[in-house]
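One structure below.
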Amino acid sequence: MSVITVELNYLFPADSGKACSVSVSSGALTPGQIHFRGSGAVCPVLVACLDANYLSKFSKAPVICKLVGRKVLDGVGQPTLEVEIYCTVKNYEKRICSTVMCSHSQIPENALPETAEADEKERNDSVNTAVEWVNESLNTMLRDLKPTDQCKVDKVLGEYFTKQVERIKEIKKQEEEEEAEATLALTSRTPSATALPGGKKAAKPGKKVTVAERAIPPAEPVESVLCGSLAIGGTSLAIAKAGATISRIPLYLHIARLKHDQDSPKEMTLPLPMVTLLNCEKISPAKLKLVKEVMLIPPVQLSLKQGIERVLDIQKEMMRLLEPPGKAQPGPQQADSKKGKAHNAGKKAPPRALKRISHLGCLITGCDSLEQPLLLMQTACNNIGLELGTDMYLAINCAAHELMDYVKGKYEMLTGMFKSPDEMVDMYVELINKFPFIIALIDPLRKEDRQQWNNICRALGSKCYLIAEDAATHISKLKIDQNINIPMCSGVVLKYINQTKVSDLIELTGLLDGQRHITILGSPDGESSDDSLVDLAVGLGARFIKLGGLSRGERVTKYNRLLAIEEELAKNRTLREANLEFIAFAEESQPEKQPSDVLPPPKRDALPPQLSQPAPQVGSLQLPENSTLT
């Protein structure tokens with residue numbers, strides 16, 4: 001063991017008149033032996049501090065000693081998983097951090113009660129299994145690993161998950177074989193009959209049979225979620241937080257270093273927030289079914305703080321407009337604004353609010369047409385002196401996959417009004433031409449309608465982001481070799497759920513960056529108060545972040561974290577202003593040899609000329625010459 005010899009010459013006590021100097025030299029002395037040579041009185045406290053600070057550099061790096069999993073509640077009262085990490089630090093067990101996973105439900109808003117009840121039972125079983133995995137198997141497997149070695153930890157987690165999947169497959173296979181044997185034994189004891197009396201007769205020629213008007217691709221089977229998979233994602237994220245804590249750096253910087261092979265980026269860009277302002281109910285008495293969320297996107301020239309303040313002003317005016325008739329007060333500029341009168345002349349009355357806040361943290365209202373919520377937004381902005389398309393932009397989450405009537409083969413966009421996938425594309429083109437301040441559409445079509453995704457991207461890709469969210473729910477299905485298994489689109493919404501690992505997100509966002517897709521980090525429906533998602537979005541370099549509205553504590557907590565990161569980056573002079581560019585998709589179709597469900601990485605020399613220019617900022621987007629704001 002190497003020990004030190006410390007020579008101290010310093011002013012102690014104050015009137016001794018001795019010079020102040022410290023020299024340190026190392027030498028191989030007997031273990032535990034430290035030599036001190038000093039002129040003047042030696043301060044024991046100073047010697048102890050100097051000794052501890054020096055020797056701590058040679059102490060063993062912290063390692064994981066214990067994982068604790070427990071069942072907690074998320075922001076909507078559903079059970080979810082919390083994972084705590086304990087490490088051995090200088091021979092002492094110390095709690096480092098914890099993380100709470102978000103729970104994600106794929107049950108539509110208008111699901112039957114029995115469906116929701118079955119989902120609740122399945123979720124409860126999954127959380128209980130996840131707690132068991134963390135406290136038993138993972139607690140043993142990850143012990144003595146370094147929390148700073150994210151790749152190794154995620155590899156162990158991935159291998160454990162694969163084994164659990166194989167085990168479940170074996171159990172199901174065995175059950176199917178036993179069931180088949182039982183069926184075969186029963187059939188052998190039952191006399192066969194080729195025609196049973198009273199059986200159904202074949203349909204006569206010419207008889208009408210209800211079929212889809214035009215064949216549409218069937219819905220892809222829902223990927224089953226392994227019971228307990230929350231343990232994988234929760235543990236991986238908790239390890240990342242522990243690694244950042246031990247390295248004494250923020251989580252977003254730790255994630256950025258992992259993505260860039262331990263090199264800290266010189267500058268970082270904050271993701272632009274997609275702030276949900278309206279949640280349009282898809283159930284009666286409202287007729288509009290197509291729009292799930294109407295979101296506001298501040299222009300890039302504003303700071304995040306300024307953008308949030310502007311969104312709050314619009315929200316306040318929106319609440320005033322949604323007051324029941326007779327209670328609404330004149331807007332701040334409504335009475336004397338000629339511009340406001342001109343814009344509002346001849347418009348339909350705004351929808352009535354249902355006086356509720358959605359689980360997304362925004363206002364709930366019902367609408368009777370696609371234009372109604374957009375005109376309402378426009379009115380609210382005009383009343384406070386803002387102009388959509390310059391001072392604020394809109395994004396719409398269509399959630400069209402929830403609207404398909406598979407008997408008719410059409411989308412039910414309004415109650416009783418159906419449109420084919422091709423008609424939906426035409427409708428979106430007309431909508432963006434009429435309201436050019438809409439710069440993003442999320443899930444405008446089902447992921448299975450790949451040809452229509454191609455058509456809408458070529459028609460609107462240079463004016464608007466076409467984002468896939470439903471297609472990116474399960475990150476494990478997104479990758480095929482080095483390609484992205486999604487329809488043609490501008491980008492995807494990624495959610496940190498189930499068995500997703502931090503390494504998966506880093507690898508996938510790298511692929512998306514290489515293929516010029518934009519990345520959006522999205523908040524699941526069952527959000528928790530854990531704000532790690534914000535650090536993930538910043539560290540991964542996401543273009544947007546989708547957190548819901550500016551209500552409900554579990555969502556506001558994340559906006560507060562984003563504001564704190566902006567302040568920290570600005571203070572360190574490492575904050576880079578965001579810029580945006582739309583992708584003009586090539587008109588020619590893909591080669592036949594290219595699989596239709598895999599996007600090839602675009603070649604830079606084949607990109608349209610306008611993309612070789614500096615990326616235009618959202619705040620300076622040019623509207624078409626012949627467009628007018630309705």
Side-chain angles (χ1 to χ4, degrees), residues 74-75 99-104 233-234 236-237 240-241 244 250-256 258-260 265 268-276 293 295-298 304 307-308 360-361 395 397 440 442-443 465 467-476 478-479 484 486 489-513 517-550 554-566 569 578 580:
D74 65 13
T99 186
V100 178
M101 279 295 286
C102 304
S103 56
H104 178 65
S236 179
L237 183 56
K241 289 183 72 173
L251 177 57
Y252 66 84
L253 185 56
H254 181 63
I255 297 296
L258 290 175
K259 184 173 181 178
H260 298 95
M268 303 187 76
T269 304
L270 284 181
L272 284 174
M274 289 181 165
V275 186
T276 306
E293 297 173 81
M295 295 167 284
L296 294 173
I297 302 176
L304 176 67
I308 294 297
L360 299 172
N397 182 7
I442 299 176
D443 282 344
Y465 290 112
I467 308 297
E469 180 172 3
D470 181 54
T473 299
H474 296 285
I475 291 177
S476 59
L478 286 183
K479 293 189 303 174
I484 307 296
I486 50 175
C489 60
S490 308
V492 298
V493 179
L494 302 178
K495 296 181 179 180
Y496 195 89
I497 55 174
N498 303 326
Q499 69 270 19
T500 304
K501 302 184 292 294
V502 171
S503 298
D504 296 334
L505 277 184
I506 291 172
E507 182 181 358
L508 187 56
T509 53
L511 287 175
L512 291 168
D513 293 344
H517 290 87
I518 65 169
T519 299
I520 301 170
L521 263 288
S523 182
D525 290 347
E527 187 55 280
S528 75
S529 56
D530 192 298
D531 59 11
S532 304
L533 177 69
V534 175
D535 286 77
L536 285 175
V538 175
L540 293 170
R543 186 73 59 86
F544 293 100
I545 187 168
K546 184 173 173 284
L547 298 174
L550 288 169
E554 68 274 10
R555 299 187 181 274
V556 175
T557 295
K558 293 172 179 57
Y559 285 108
N560 287 337
R561 174 60 184 154
L562 196 58
L563 288 167
I565 293 176
E566 179 186 51
L569 292 177
L580 297 177

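Index from 1, following the sequence.
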Task: V100 and S529: CA distance, side-chain angles, deciding distance, side-chain contact (heavy atoms from CB on, under 4.5 Å) verdict - done: CA-CA 8 Å; V100 178; S529 56; 5.6 Å; no
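- V538 places a side-chain heavy atom less than 4.5 Å from the side chain of M268.
- Under the side-chain hydrogen bond (donor to acceptor under 3.5 Å, both in side chains) criterion, S236 pairs with Q150, D154, sequence neighbours left out.
- Shown here are the salt bridge (Lys or Arg N to Asp or Glu O under 4.0 Å) partners of E566, two or more places apart in sequence or in another chain: there are none.
- One finds the CD atom of E527 at 10.5 Å from the CG atom of L360 (value rounded to the nearest 0.5 Å).
- Within the 4.5 Å cutoff, side-chain heavy atoms of N397 are placed close to those of K546.
- For the side chain to side chain contact (heavy atoms under 4.5 Å, CB included) test, residues two or more places apart in sequence or in another chain that qualify with T519 are L494, T509, L512, D513, L521, A542.
- Scored by the side chain to side chain contact (heavy atoms under 4.5 Å, CB included) test, S490 finds Y465, L466, I467, F585 as partners (sequence neighbours excluded).
- The minimum heavy-atom distance between L253 and P265, with the atom names listed, is CD1-CD, 4.3 Å.
- The side-chain hydrogen bond (donor to acceptor under 3.5 Å, both in side chains) check on T557 picks up nothing, with sequence neighbours excluded.
- Annotation: the span from N498 atom CG to C102 atom SG amounts to 10.5 Å, rounded to 0.5 Å.
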Show your working on side-chain contact (heavy atoms from CB on, under 4.5 Å) between I545 and K558 and close with a plain yes or no. CA-CA 10 Å; I545 187 168; K558 293 172 179 57; over 6 Å; no
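- Residues satisfying the salt bridge (Lys or Arg N to Asp or Glu O under 4.0 Å) criterion with D443, sequence neighbours excluded, are absent altogether.
- Here the straight-line distance linking atom CG of D470 with atom CD1 of I486 works out to 12.0 Å at 0.5 Å rounding.
- Closest approach of L251 and A240 over heavy atoms only: CD1-O, 3.7 Å.
- Applying the side-chain hydrogen bond (donor to acceptor under 3.5 Å, both in side chains) rule to Y252 yields the partners E568; only residues at least two apart in sequence or on another chain are considered.
- Between H254 and K241, the closest side-chain pair of non-hydrogen atoms is not below 4.5 Å.
- Listed by chain and residue number, E293, M295, C362 satisfy the side chain to side chain contact (heavy atoms under 4.5 Å, CB included) test with T276 (two or more places apart in sequence, or in another chain).
- Atom OH of Y559 and atom CG of L550 lie 5.0 Å apart (nearest 0.5 Å).
- With contacts defined as side-chain heavy-atom distances shorter than 4.5 Å, the pair L562/D531 does not qualify.
- For residues 533-543, the set of pairs meeting the salt bridge (charged side-chain N to carboxylate O under 4.0 Å, His left out) definition, not counting sequence neighbours, comprises D535-R561.
- Put simply, OH on Y496 and CG on L505 are 6.5 Å apart, with the number rounded to the nearest 0.5 Å.
- Counting all heavy atoms, side chain and backbone alike, H517 lies closest to C489 at CD2-O, 3.5 Å.
- Counting heavy atoms from C-beta on, the side chains of S523 and L533 come closer than 4.5 Å.
- Atoms CD1 and CG, on I255 and L540 in that order, are 6.5 Å from each other to the nearest 0.5 Å.
- Residues passing the salt bridge (Lys or Arg N to Asp or Glu O under 4.0 Å) test with K501, sequence neighbours excluded: D504.
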Task: Verdict with supporting geometry, V275 and L547, side-chain contact (heavy atoms from CB on, under 4.5 Å) - done: CA-CA 7 Å; V275 186; L547 298 174; over 6 Å; no
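- Side chains of S528 and D530: no donor on one and acceptor on the other come within 3.5 Å.
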